[in-house]
Undergrad: 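Below is one structure. I have some questions about it.
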Amino acid sequence: MLWVLDHNGEEADQQDSTISRFNLFYQTNDIYLSLKSFFFLFQVQTTRVTKLCNTKEIPTINGMYPGPVVYAQEDDKVIVRVTNESPYNITIHWHGIRQRLSCWSDGPSYITQCPIQTGQNFTYEFTLVQQKGTFFWHAHVSWLRATIYGAIVVYPKNGVPYPFNFPYEEHIIILGEFWMKDMVQIEQAVLASGGAPPPADAFTINGQPGPNYNCSADDIFKIYAVPGKTYLLRLINAALNQEHFFAIANHRLTIVEVDAEYTKPLTTDRVMLGPGQTLNVLVTADKPIAKYSMAMGPYQSAKNVSFQNITAIAYFQYFGATANDLSLPAALPHFDDNLAAKTVMDGLRSLNPVTVPKDIDRNLFVTIGLNVQKCRSKNPQKDCQAKGGGVMAASMNNISFSKPNISILEAYYKNISGYFSQDFPGVPLKFYDFVNGAPNNPPNDTNSLNGTRTYVLHYGTKVQLILQDTSTVSTENHPIHLHGYSFYVVGYGTGNYDPDTANFNLVDPPYMNTIGVPVGGWAAIRFVADNPGAWFMHCHLEIHLSWGLSVVLIVKNGEGPLERLTHPPKDLPRC
């Protein structure tokens, strides 16, 4: 048995994020599983921070922003005890972890659990079955993940090398957004107004906005680079409502992993990450000694939307350069450069040939997009601020998801009726020209239905799912995340999906958990429904989730002992 106590809350250069920063872990041998188990303590608490010339209290884990890094190895068991000492309800989602037979620990509020209330605690337990790479964890209640997030780094088993030359150093880079106001209050105000959300007050790189923002000349994340050495950067987009471009001045990035799955090396000048996506890239310090900017800027594909357009800056600073040297600027694409976003996706391939499901049992077709509901308020000027005097919404197959006041997983497991239905349509209620001829006279023809509808899959079903963007209100790139699974992205294109002309890659498609469905386009994914439980599928732009762009897939039990949902944990929070 080994106990390790690490530093907590001390001011240190943010490159320490490559070192274990969690408060406490403990390691033991689990005889039954023959695996290592790691125990972490997460204390949810409010912490005072000063940014952008102002001081405020933000919710954090263990007083850290970004939060502690969870380190483990492939096939390890992870146990995280979360104690809520904050005034907010909380759950934690382990983004990208497939939660094999551990759906109770997935974390989305009112989907797999009720929130952990103030003064309560809950223990998450899951095993990293055949998973390694860069993941992250974040709050999954309201908009608290704006500040409650952190990296998960899962290393290969001992003696198993990376499929590329071992880097000189590794660094975690988390892209985020920062607001001066309370996030719960912002969400409540936005939903009450019926309109769009305000833009972030700043973008951040590892919690630091950089010198382009007020009072932030010293709030800069830095990597100190040895000339000639190669670095592995673990990029995570933990932002709330914005997709982002990332680049390093005068340096090329070689993508070697996407969503914690190895890829064939793909070299590019810049990358785009939607919220929820992770990329591992290699960068070599092979330029003249200088201080190079690492830049994070917006990718905004929707029309007529206000957004933050000030770039966040960090430094990739060679040893030999001085702090007073001017930084060389990084070139980012224009904010609406759809081709720049699509080009990288077009080049992604799994490292090796893979076994893609071919004999499909269930073909699903799901439209995704925005809606404007008719105003039903007695105070429309205050409550109906969307286009045409309506109320903003979002939907899948024109159904806006309504969260219940009980966990869907618990209601399903205990056969409690009345909280959800099992009638989500597997195809749109109506077919039309989704991209060029969608209804767009808000709010007269842009309404959606509301409901807590789920779609049921039998264990072992081979699924093909077409995700189609629509132009109601506006086309937009939507980062769609599926809990409990990774999936093969077998096709991807612009316009309306046409099975007669779609070009599928069934040899080495990328294996992902969050796919950016292209603006005015479609994506085709395939997976086998072999993990029983209630699994959330939603847009990872938080405002779209709040507006209802989500659905729950219920996967029924199989027949074998390792094909059945386990009993709920004894400390499962109650609503």
Side-chain angles (χ1 to χ4, degrees), residues 42-47 49 51 56-70 80 82 84 86-97 105-113 115-116 122 124 134-152 172-188 190-191 197-207 235-244 273-278 296 308 403 479-483 513-514 536-547 549-550:
F42 273 24
Q43 295 174 317
V44 188
Q45 53 195 216
T46 55
T47 302
V49 299
K51 292 192 184 298
K56 63 172 289 192
E57 296 275 344
I58 63 171
T60 65
I61 299 295
N62 300 349
M64 301 168 67
Y65 171 66
V69 181
V70 172
V80 185
V82 177
N84 189 1
S86 80
Y88 306 98
N89 287 345
I90 193 69
T91 66
I92 302 295
H93 171 53
W94 315 92
H95 188 107
I97 305 301
S105 288
D106 191 40
S109 59
Y110 301 105
I111 308 300
T112 63
Q113 69 168 100
I116 308 166
F122 177 57
Y124 294 90
T134 302
F135 309 85
F136 76 115
W137 56 263
H138 61 78
H140 217 304
V141 173
S142 183
W143 290 7
L144 293 181
R145 73 174 182 86
T147 57
I148 297 181
Y149 61 80
I152 304 173
I172 296 167
I173 294 182
I174 307 183
L175 312 181
E177 293 172 293
F178 190 82
W179 278 263
M180 290 308 304
K181 294 182 178 179
D182 179 274
M183 295 311 302
V184 173
Q185 293 177 4
I186 290 179
E187 183 198 26
Q188 291 172 346
V190 169
L191 296 181
D201 292 304
F203 298 142
T204 61
I205 299 176
N206 285 351
L235 303 178
I236 299 168
N237 193 341
L240 210 67
N241 288 327
Q242 188 71 60
E243 299 181 293
H244 291 98
L273 295 90
Q277 293 183 310
T278 68
M296 164 197 179
Q308 176 61 259
K403 283 189 178 181
I480 301 296
H481 173 52
L482 175 59
H483 292 226
N513 62 62
T514 305
F536 210 19
M537 183 171 71
H538 62 91
C539 183
H540 221 277
L541 298 172
E542 206 68 17
I543 183 59
H544 292 180
L545 177 57
S546 298
W547 284 339
L549 210 168
S550 56

Undergrad: Is the shortest heavy-atom distance from the side chain of Val141 to the side chain of Ile148 under 4.5 Å?
TA: no
Undergrad: Between CD1 of Ile58 and CE of Met183, what distance do you get to the nearest 0.5 Å?
TA: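 Output value for this atom pair is 11.0 Å.
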Undergrad: Quick one: pull up OG in Ser550 and NE2 in His481 and give me the separation to the nearest 0.5 Å.
TA: 12.5 Å
Undergrad: Rounded to the nearest 0.5 Å, how far does CG of Asn62 lie from CD of Gln43?
TA: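 Between Gln43 CD and Asn62 CG, I get 5.5 Å after rounding to 0.5 Å.
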Undergrad: side-chain hydrogen bond (donor to acceptor under 3.5 Å, both in side chains) between His483 and Thr112: does it pass, once the steps are laid out?
TA: CA-CA 11 Å; His483 292 226; Thr112 63; over 6 Å; no
Undergrad: Between Asn237 (side chain) and Glu243 (backbone), is there a donor-acceptor pair under 3.5 Å?
TA: no
Undergrad: Is there a side-chain contact between Ile174 and Phe136, using heavy atoms and a 4.5 Å cut-off?
TA: no
Undergrad: With rounding to the nearest 0.5 Å, note down the distance linking CG in Leu240 to OG1 in Thr147.
TA: 9.5 Å
Undergrad: Is the shortest heavy-atom distance from the side chain of Leu541 to the side chain of Pro479 under 4.5 Å?
TA: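 Heavy-atom side-chain distance check passes, below 4.5 Å.
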Undergrad: With sequence neighbours excluded, what pairs up with Asn84 under the side chain to side chain donor-acceptor pair (under 3.5 Å) test?
TA: Ser86
Undergrad: For residues Pro87 and Thr46, report the shortest heavy-atom separation together with the two atoms involved.
TA: CD-CG2, 3.8 Å
Undergrad: Determine whether a donor-acceptor pair (N or O, by modelled atom type, separation under 3.5 Å) exists between the side chain of Glu177 and the backbone of Asn241.
TA: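 Flag set: sc Glu177 to bb Asn241 pair under 3.5 Å.
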Undergrad: Are any side-chain N or O atoms of His95 and backbone N or O atoms of Gly276, one a donor and one an acceptor, separated by less than 3.5 Å?
TA: yes
Undergrad: Distance to the ring centre below 6.0 angstrom and angle to the axis at most 45 degrees; does that hold for Lys56 and Phe178?
TA: yes
Undergrad: With sequence neighbours left out, what residues match Asp182 under side chain to side chain donor-acceptor pair (under 3.5 Å)?
TA: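 Side chain to side chain donor-acceptor pair (under 3.5 Å) list for Asp182, sorted by chain: Tyr88.
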Undergrad: If you define the side chain from C-beta out and look only at heavy atoms, does anything of Thr91 sit under 4.5 Å from Pro115?
TA: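 Contact flag for Thr91/Pro115 side chains = yes.
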Undergrad: Looking only at non-hydrogen atoms, find the nearest pair between Leu545 and Cys539 and report the distance.
TA: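 In terms of heavy atoms, the two residues are closest at CB-O, 3.9 Å.
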Undergrad: Look at the rings of Phe42 and Trp94 and say which category their plane angle falls in: under 30° parallel, 30 to 60° tilted, over 60° perpendicular.
TA: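 The arrangement is tilted - the two ring planes meet at 30° to 60°.
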Undergrad: Identify the heavy atoms of Leu191 and Ser546 that sit nearest to each other, and give their distance.
TA: CD2-CB, 4.1 Å
Undergrad: Does Glu542 have any salt bridge (charged side-chain N to carboxylate O under 4.0 Å, His left out) partners at least two apart in sequence or in another chain, and if so, which?
TA: Arg145
Undergrad: Measuring from Ile97:CD1 to Ser105:OG, what's the distance to the nearest 0.5 Å?
TA: 11.5 Å
Undergrad: Answer yes or no: is there a side-chain heavy-atom contact under 4.5 Å between His538 and Leu549?
TA: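 A side-chain contact is absent here, since even the closest heavy-atom pair is not under 4.5 Å.
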Undergrad: Kindly assign one of parallel, tilted or perpendicular to the pair Tyr124 and Phe122, based on the angle between their ring planes and the thresholds 30° and 60°.
TA: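 Taking Phe122 first and then Tyr124, their aromatic rings stand perpendicular (interplane angle over 60°).
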Undergrad: For residues Gln185 and Trp179, determine if any side-chain heavy atom of one lies less than 4.5 Å from a side-chain heavy atom of the other.
TA: no
Undergrad: So, does Thr134 use its side chain to make a donor-acceptor pair with the main chain of Thr278 at under 3.5 Å?
TA: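 The answer is no, because no donor-acceptor pair under 3.5 Å joins these two groups.
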Undergrad: Kindly compute the distance separating OG (Ser109) from CG (Asn89), expressed to the nearest 0.5 Å.
TA: 9.0 Å
Undergrad: Evaluate the ring planes of His140 and His93, with Trp represented by its six-membered ring, and classify them as parallel (under 30°), tilted (30 to 60°) or perpendicular (over 60°).
TA: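 If you compare the ring of His140 with that of His93, the planes turn out perpendicular.
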Undergrad: Less than 4.5 Å apart, side chain to side chain, heavy atoms only: is that true for Pro59 and Gln45?
TA: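 The answer is no; the side chains never approach within 4.5 Å.
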Undergrad: Tell me whether Gln308 contacts the main-chain N or O of Asp201 through its side chain, where contact means a donor paired with an acceptor under 3.5 Å.
TA: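 Checked: pair present.
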Undergrad: With a 4.5 Å heavy-atom cut-off, do Trp137 and Val80 have their side chains touching?
TA: no
Undergrad: With no hydrogens and no angle check, do the side chains of Glu187 and Ser142 hold a donor and an acceptor under 3.5 Å apart?
TA: yes
